[in-house]
Amino acid sequence: MNKKILASLLALPLVVPAMAQAQDNAVKVSGFGTAALTWSDDDRAQFGRPNQASGAADNFRTGVDSNLGLQADYTVNNWLSLTAQGLVRQDAEEHYGAELSWAFAKFRISDELSVRVGRVGLPVFMISDYRNVGYANTMLRPPSELYSQVPFNSVDGADITWRHDYGNTSITSQLAAGKIKTPVGNFHVRGKDILALNVVAENGPFTLRIGHARTKITVDDLATLNTLVGSLRAAGAGYRLPQLTDLAGRIEAKDAKGTFNSIGLTADWNNFVLQTEFAKRKTETYINDTTSWYVMGGYRIGKFLPYYTRSELKIDGAINNTVPAACPAGYPAACTPTLLQLGGAVRRIPFSGVGQGEQTTDTIGVRWDFASSVALKVQVDRVKPSGNGLFINAQPGFSGPVTVGAVALDFVF
């Protein structure tokens, strides 16, 4: 992550007043942040957000849910504007780092049609554009069961947005295209030929969203994956077992096709608050085909909003293990032990790695809007993983369930 980007973004408030005065207040700077403490009751694995390299165990951690964002918008004229957003958080690194979340030029074609070119948010979730803005969300964090299934937050390319009103219903259609490379733990994932369609219908307190995204996925720098693929190919060639070579090709994530389909609904009516999403992921590599969903319901009582969430991630399909249990008669003595080792490694794939595994979570929490533009949240999650689930750096003997607690102060300015 580029520290020069962070320095430049943090310097913006110093130069914006002069620029704004010269440009008749054309520049607008805004920001958001979360100061949080997160902990769990199990020291055999760490709880983190998607893409994080480390998380919270039986100690208090600030890095899981804390962040700071700064956005600058510059209006050039009535049809062109520029936007840049920087985000400081703990993500794929062990420490805090800065990233450029958005950097685009927006061209207003008409009142209903606009085009953005540069780095734009990838519209694959209900709250894609503001998932990192804690104050804009009821829950302390988006459910990992669903939000871990796509590792990309943005795309380098362009999008086109069309909005139109049909009576009391507003329809927004967004089509994004491009590519991106993002760090995930200790490796990188590249998305090429990304295409994402997002359609949103809004009517009064109700919002319905339907989305489809597809890409070609490549996983870089993942040592365990590279070792397994190389070992399968070496064994396939050395022992004349072509099914091992074929399996290596299916496991290797190199320009492999992937799709993500989702639907979501939100409602804020008569103090009742509802938010739900359902998604299906499919890939042509070792990455699991999955079904994920969550339902959140709450009720606003004055400045307090207690809520409950149920979320689940299930595996629909995984890589087909074609490693033979034993070598034919007459093969070298080392052949069968090699196959047993390779077969065990392939069997572990569906439950190993970022966004893999299965788990369910029951969440209770409360949001307190005690001041203007500031909210305090307390949330407790009861996470039931299958195997390691989505936990990070799991140690032998880890099973669950695990209780995770967090306190967060969200703000915007």
Side-chain angles (χ1 to χ4, degrees), residues 51 148-152 179-195 212-261 279-292 313-358 386-390 394 396:
N51 297 8
S148 66
Q149 297 306 285
V150 177
F152 309 124
K179 63 180 182 179
I180 196 68
K181 180 179 181 179
T182 188
V184 179
N186 59 354
F187 60 98
H188 291 82
V189 178
R190 287 188 286 122
K192 186 175 74 172
D193 299 337
I194 296 174
L195 196 64
H212 169 78
R214 60 179 57 195
T215 187
K216 293 180 180 178
I217 307 167
T218 297
V219 176
D220 293 325
D221 314 321
L222 182 53
T224 53
L225 178 65
N226 294 339
T227 298
L228 177 57
V229 169
S231 298
L232 286 168
R233 285 179 172 149
Y239 295 123
R240 299 184 303 279
L241 297 172
Q243 63 267 45
L244 299 185
T245 304
D246 293 339
L247 179 59
R250 288 187 283 114
I251 290 175
E252 185 179 30
K254 187 174 182 180
D255 288 339
K257 293 181 181 178
T259 62
F260 186 79
N261 296 294
K280 302 278 284 188
R281 182 180 73 181
K282 291 183 178 293
T283 74
E284 295 181 359
T285 182
Y286 78 92
I287 300 170
N288 295 335
D289 296 341
T290 61
T291 294
S292 52
L313 170 63
K314 288 292 184 182
I315 297 174
D316 297 329
I319 195 75
N320 184 24
N321 189 353
T322 57
V323 179
C327 292
Y331 273 60
C335 180
T336 294
T338 299
L339 295 185
L340 291 175
Q341 186 177 17
L342 292 174
V346 174
R347 282 191 294 273
R348 287 191 294 271
I349 288 177
F351 303 97
S352 303
V354 177
Q356 300 282 81
E358 295 181 322
S386 176
N388 295 339
L390 299 176

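- Annotation for L244 and A235: closest pair CD1-CB, 3.7 Å, computed over non-hydrogen atoms.
- Under the 3.5 Å distance criterion, the side-chain polar atoms of T218 are matched with a main-chain donor or acceptor of D255.
- Listed by first then second residue, pairs satisfying disulfide (SG to SG under 2.5 Å) with a partner in residues 317-348 read C327-C335, not counting sequence neighbours.
- With rounding to the nearest 0.5 Å, the separation of CG in L228 from CD in E252 is 11.0 Å.
- A heavy-atom distance below 4.5 Å is found between the side chains of I349 and I251.
- The shortest distance between side-chain heavy atoms of L225 and F187 does not fall below 4.5 Å.
- Minimum interatomic distance between P151 and N51 (heavy atoms only, all atoms of both residues): O-ND2, 3.0 Å.
- By the 4.5 Å heavy-atom criterion applied to side chains, R347 and V323 are not counted as neighbours.
- L342 is not listed as a side-chain neighbour of L247, based on a closest heavy-atom distance of 4.5 Å or more.
- By the neighbour-count criterion of 12 heavy atoms within 6.0 Å, atom CZ of R233 is densely surrounded, having more than that number from other residues, nucleotides or ligands.
- Partners of F260 under the ring-ring contact (aromatic ring centres under 6.0 Å, His included) rule, at least two apart in sequence or in another chain, are F125.
- A pairwise comparison of heavy atoms in Y239 and Y331 identifies O-CE2, 3.0 Å as the closest pair.
- At a threshold of 4.5 Å between non-hydrogen side-chain atoms, the residues N321 and I319 do not count as touching.
- The distance from the NZ atom of K282 to the OG1 atom of T291 is 7.5 Å, given to the nearest 0.5 Å.
- The two residues Y286 and A253 make their nearest non-hydrogen contact at CE2-CB, 3.9 Å.
- The CG atom of D289 sits 5.5 Å away from atom OG1 of T283, with the distance rounded to the nearest 0.5 Å.
- Nearest approach of V346 to P350, heavy atoms of both residues: O-CD, 3.7 Å.
- Using modelled atom types, one side-chain atom of E358 and one backbone atom of I315 make a donor-acceptor pair closer than 3.5 Å.
- Atoms CZ and OG1, from R250 and T285 in turn, are 10.0 Å apart once rounded to the nearest 0.5 Å.
- In this structure the side chain of N288 never reaches within 4.5 angstrom of the side chain of D316, judged on heavy atoms.
- Between the CG atom of N320 and the CG atom of D246 there is a distance of 11.5 Å, given to the nearest 0.5 Å.
- Residues L232 and A248 come closest through the heavy atom pair CB-CB, 3.8 Å.
- Rounded to the nearest 0.5 Å, atoms CG (D220) and NE2 (H188) are 8.0 Å apart.
- Side chains of Q243 and P324 form a contact here, defined as non-hydrogen atoms less than 4.5 Å apart.
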